[in-house]
Amino acid sequence: MALDDTAGAGALTAASEFDAVVIGAGPVGLFAVFELGLVDIKTCVIDILDRPGGQCTELYPEKPIYDIPALPTVTGQELTDRLLEQIKPFGATFVFGERVDEVKRREDGGFYLKTDAGREITAKVVVIAAGGGSFTPKRPPLEGIEAYEGTSVFYSVRRMEDFRDKDMLIVGGGDSALDWTLSLAPIAKSLTLLHRRDEFRGAPHSVEKMRELVAEGKVRLIIGQVTKLHGEGGNLEEVTVKTAAGEERVTTNAMLPFFGLTMKLGPVANWGLNLHENLIHVDTEKFETNETGIFAIGDINWYPGKLKLILSGFHEAALMAQQAHKYVHPDKKLLFQYTTSSTSLQKKLGVK
Ligand code: FAD
């Protein structure tokens with residue numbers, strides 16, 4: 001999946017309308033697209049992260065999972081890739097790098113949602129698949145950094161164009177730091193990658209590509225740490241970097257620090273839903289919340305006996321979709337069908 005924010009979102013206009021909005025592109029949110037698609041519900045999936053997979057790709061992309069039915073072993077990244085492949089026929093719209101901040105009921109019974117980027121979307125049903133809550137970037141411990149946030153310091157890339165012709169400083173050694181180094185180097189005026197040691201946690205092929213760019217003189221790699229920011233009025237001009245050789249000043253007007261993420265419940269807590277110890281209380285028939293038309297599936301929900309397992313979330317998605325169909329297509333009766341034998345389901349799946 002491309003790291004650019006146009007992966008589907010480019011087609012969105014202000015106040016785009018969907019049958020369903022799925023909040024969270026973790027494994028459960030992705031599988032919800034499949035179950036909703038089977039019952040003719042078109043979805044938009046929104047995630048604060050810049051890629052799909054939730055915990056699987058953010059916390060353990062290379063670790064094997066052993067309890068996904070029929071897949072004796074699959075890594076977090078492979079599971080995400082397979083889910084993306086499986087949901088392809090339903091052409092969901094994806095919005096990455098945005099957090100859903102508001103969910104409000106409209107007079108017509110549908111919902112109005114707003115993201116922290118000001119994007120407005122309406123939907124007939126809302127499916128919260130927000131896992132442990134929104135991933136929030138860790139702020140580097142640098143004095144006065146808050147003053148530069150949003151103007152010169154960014155924790156995600158919403159629009160690559162915003163970084164054209166900038167003197168960029170990317171800080172970190174994981175996948176995000178490497179991926180954005182590779183994506184932004186061609187459009188930045190200059191790009192420096194700064195990491196505290198000459199070993200990178202990111203995918204080996206990304207490390208290799210980054211080293212090629214360094215050898216070609218297109219990226220500067222510094223091994224060290226930022227110790228001070230210099231600038232005025234929220235505009236960063238230089239940073240002091242401490243290296244083994246001493247201190248130097250690096251010119252930059254756009255810094256992207258990737259210091260990892262923490263999980264916080266975030267705005268979900270303000271949507272008027274009944275909570276049980278920071279999790280959303282749902283029934284076990286439809287996985288619906290106390291608000292009709294708002295569902296919660298996966299790690300974010302709670303009911304007696306809940307197990308925070310991916311397979312539980314998959315089951316919840318299937319039952320949720322049955323009820324969502326009643327709200328989205330009130331005039332249509334839903335027939336129970338198997339994908340093995342139903343030609344109409346196979347048509348939706350593009351089976352030839
Ligand atoms: P998540 O994967 O947490 O995804 C939720 C997504 O919602 C996130 O991407 C988040 O950014 C997004 N989000 C939240 N709030 C908002 C908002 N307001 N706006 C926009 N986006 C938002 N489970 C197993 O079944 N088997 C295992 O072997 C296993 N191993 C694990 C190993 C580790 C190290 C960890 C940490 C977990 C493991 N799990 C395992 C648990 C499994 O990863 C979770 O059950 C699963 O990821 C839950 O999926 P989800 O889609 O509900 O939520």
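Remember, it's 1-based here, ligands and their atoms both numbered in the order they're listed.
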Peer 1: Count the heavy atoms of every other residue, nucleotide or ligand shown that sit under 6.0 Å from NZ of Lys218, and state whether that count exceeds 12.
Peer 2: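 Counting neighbours around NZ of Lys218, 12 or fewer heavy atoms of other residues, nucleotides or ligands fall under 6.0 Å, so no.
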Peer 1: Does CD in Glu102 sit with more than 12 non-hydrogen atoms of other residues, nucleotides or ligands closer than 6.0 Å?
Peer 2: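 Count over threshold, so yes.
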Peer 1: How are the rings of Trp302 and His281 set to each other: parallel, tilted or perpendicular (split at 30° and 60°)?
Peer 2: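 Trp302 and His281: perpendicular rings.
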Peer 1: I'd like the name of whichever of Gly131, Gly298, Gly54 reaches closest to atom 53 (O) of ligand 1 through any heavy atom.
Peer 2: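 When every heavy atom of Gly131, Gly298, Gly54 is considered, Gly131 comes closest to atom 53 (O) of ligand 1.
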Peer 1: Looking at atom 9 (O) of ligand 1, what's its closest protein heavy atom, distance included?
Peer 2: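 Ranked first by proximity to atom 9 (O) of ligand 1 is Asp47 OD2, 2.6 Å.
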Peer 1: Just jot down the ligand 1 atoms closer than 4.0 angstrom to any heavy atom of Phe135, in number order.
Peer 2: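 The atoms of ligand 1 under 4.0 Å from a heavy atom of Phe135 are 8 (C), 9 (O), 10 (C), 11 (O).
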Peer 1: For Glu58 and ligand 1, answer yes if some heavy atom of the residue is under 4.0 Å from a ligand atom, otherwise no.
Peer 2: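 The answer is no, since Glu58 has no heavy atom less than 4.0 Å from ligand 1.
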Peer 1: Which atoms of ligand 1 sit under 4.0 Å from any heavy atom of Gly24?
Peer 2: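 Those qualifying, in numeric order: 6 (C), 7 (O), 12 (C).
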Peer 1: Return the orientation label for the Tyr338 and Phe336 ring planes: parallel under 30°, perpendicular over 60°, tilted otherwise.
Peer 2: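 Judged by the thresholds at 30° and 60°, the geometry between Tyr338 and Phe336 is perpendicular.
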Peer 1: For ligand 1, which atoms have a heavy atom of Ala129 less than 4.0 angstrom away?
Peer 2: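 Heavy-atom distances to Ala129 below 4.0 Å select 5 (C), 6 (C), 7 (O).
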Peer 1: Hydrophobic clusters here meaning ILVMFWY residues chained together by side-chain heavy-atom distances under 4.5 Å, can you tell me if Tyr148 and Ile170 are in one?
Peer 2: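 Different clusters.
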Peer 1: Name the closest protein heavy atom to atom 26 (N) of ligand 1, giving the residue it belongs to and the distance to 0.1 Å.
Peer 2: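 It is Asp67 OD1, 2.8 Å.
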Peer 1: Going by an N to O cut-off under 4.0 Å, is there a salt bridge joining Glu161 and Lys166?
Peer 2: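 The answer is no: the pair does not qualify as a salt bridge.
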Peer 1: Using a strict 4.0 Å cut-off to heavy atoms of Leu49, name the atoms of ligand 1 that fall inside it.
Peer 2: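 Counting atoms of ligand 1 from 1, those under 4.0 Å from Leu49 are 9 (O), 11 (O).
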Peer 1: Flag the pair Pro69 / Leu311 as yes when at least one side-chain heavy-atom distance between them is below 4.5 Å, and no otherwise.
Peer 2: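 Yes, their side chains come closer than 4.5 Å.
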Peer 1: Considering only NZ, NE, NH1 and NH2 on the basic side and carboxylate oxygens on the acidic side, decide whether Lys124 and Glu17 come within less than 4.0 Å.
Peer 2: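 Between Glu17 and Lys124 there is no salt bridge, as every charged N stays at least 4.0 Å from the carboxylate O atoms.
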Peer 1: At a 4.0 Å cut-off, with the gap strictly under it, does some heavy atom of Gly132 reach an atom of ligand 1?
Peer 2: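 Per 4.0 Å heavy-atom rule, Gly132 contacts ligand 1.
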Peer 1: Has Glu143 got more than 12 heavy atoms of other residues, nucleotides or ligands less than 6.0 Å from its CD?
Peer 2: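 Check fails, neighbour count at 12 or below.
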Peer 1: Against heavy atoms of Arg99, which atoms of ligand 1 measure under 4.0 Å?
Peer 2: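 So the answer, numbered in order with elements, is 17 (C), 18 (N), 19 (N), 20 (C).
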Peer 1: Could an N or O of ligand 1 be found under 3.5 Å from any N or O of Leu309, whether backbone or side chain?
Peer 2: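 No; every N/O pair is 3.5 Å or more apart.
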Peer 1: Do Lys306 and Glu316 come close enough that some side-chain heavy atom pair is under 4.5 Å?
Peer 2: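 Yes; the side chains approach each other to less than 4.5 Å.
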Peer 1: Please write down residue, atom name and distance for the protein heavy atom closest to atom 20 (C) of ligand 1.
Peer 2: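 Answer for atom 20 (C) of ligand 1: Ile48 N, 3.4 Å.
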Peer 1: I need the atoms of ligand 1 closer than 4.0 Å to a non-hydrogen atom of Gly133, numbered in the order shown.
Peer 2: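 Heavy-atom distances to Gly133 below 4.0 Å select 10 (C), 14 (C), 15 (N).
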Peer 1: Within ligand 1, which atoms have a heavy atom of Glu98 less than 4.0 Å away?
Peer 2: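 Near Glu98, meaning under 4.0 Å from one of its heavy atoms, ligand 1 has 20 (C).
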Peer 1: Treating Ile, Leu, Val, Met, Phe, Trp and Tyr as nodes and any side-chain heavy-atom pair under 4.5 angstrom as an edge, say whether Tyr155 and Phe258 lie in one connected cluster.
Peer 2: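 Tyr155 and Phe258: separate clusters.
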Peer 1: Would you mind reporting whether Ile121 and Cys44 have side-chain heavy atoms less than 4.5 Å apart?
Peer 2: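 In contact.
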Peer 1: Considering only the protein, which heavy-atom contact is closest to atom 51 (O) of ligand 1, and what is its distance?
Peer 2: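 Checking every protein heavy atom, the shortest distance to atom 51 (O) of ligand 1 gives Val28 N, 3.1 Å.
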Peer 1: Just heavy atoms, cut-off under 4.0 Å: does Leu59 contact ligand 1 by side chain, backbone, both, or neither?
Peer 2: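 For Leu59, only side-chain atoms sit under 4.0 Å from ligand 1.
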Peer 1: Could you tell me whether Val268 and ligand 1 have an N or O pair separated by under 3.5 Å?
Peer 2: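 Min N/O separation from ligand 1 is not below 3.5 Å for Val268.
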Peer 1: Give the residue and atom name of whichever protein heavy atom lies nearest to atom 40 (C) of ligand 1, and the separation in Å to one decimal.
Peer 2: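 Ranking protein heavy atoms by distance from atom 40 (C) of ligand 1, first comes Tyr60 OH, 3.6 Å.
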Peer 1: Compute the minimum heavy-atom distance from Gly313 to ligand 1 and say whether it is under 4.0 Å.
Peer 2: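 Per 4.0 Å heavy-atom rule, Gly313 does not contact ligand 1.
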Peer 1: Identify, by atom number and element, the atoms of ligand 1 in contact range of Ile46, meaning under 4.0 Å from any of its heavy atoms.
Peer 2: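 Listed by number with element, the hits are 20 (C), 21 (N).
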Peer 1: Nearest protein heavy-atom contact for atom 3 (O) of ligand 1: which residue, which atom, what distance?
Peer 2: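 For atom 3 (O) of ligand 1, the nearest protein heavy atom is Gln55 NE2, 2.8 Å.
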Peer 1: Under 4.0 Å from ligand 1, counting heavy atoms only, is it the side chain of Ala130, its backbone, both or neither?
Peer 2: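 For Ala130, the contact with ligand 1 is made by both the backbone and the side chain.
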Peer 1: Does Phe287 form a ring pair (Phe, Tyr, Trp, His ring centres under 6.0 Å) with Phe295? I'd like the steps, not just the answer.
Peer 2: CA-CA 6 Å; Phe287 299 94; Phe295 301 86; 9.2 Å; no
Peer 1: So Glu291 and Asn274, side-chain hydrogen bond (donor to acceptor under 3.5 Å, both in side chains) or not? Walk me through it.
Peer 2: CA-CA 9 Å; Glu291 287 287 342; Asn274 287 348; over 6 Å; no
Peer 1: Counting only heavy atoms closer than 4.0 Å, does ligand 1 sit against the backbone of Ile23, its side chain, both, or neither?
Peer 2: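 Near ligand 1, Ile23 shows its side chain, while the N, CA, C and O stay back.
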Peer 1: Can you pull out the closest protein heavy atom to atom 52 (O) of ligand 1? Residue, atom name and distance to 0.1 Å, please.
Peer 2: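 Its nearest protein heavy-atom neighbour is Asp299 N, 3.0 Å.
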Peer 1: To check your reading of the model: name the closest protein heavy atom to atom 28 (O) of ligand 1, its residue, and the distance in Å.
Peer 2: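 Protein heavy atom at minimum distance: Ile65 CG2, 3.3 Å.
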Peer 1: If I apply the N/O under 3.5 Å rule, does Ile310 come out as touching ligand 1?
Peer 2: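 The answer is yes, given that Ile310 and ligand 1 share an N or O pair closer than 3.5 Å.
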Peer 1: Between Glu208 and Arg211, does at least one N-O distance fall below 4.0 Å, as a salt bridge requires?
Peer 2: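 No, no charged N to carboxylate O under 4.0 Å.
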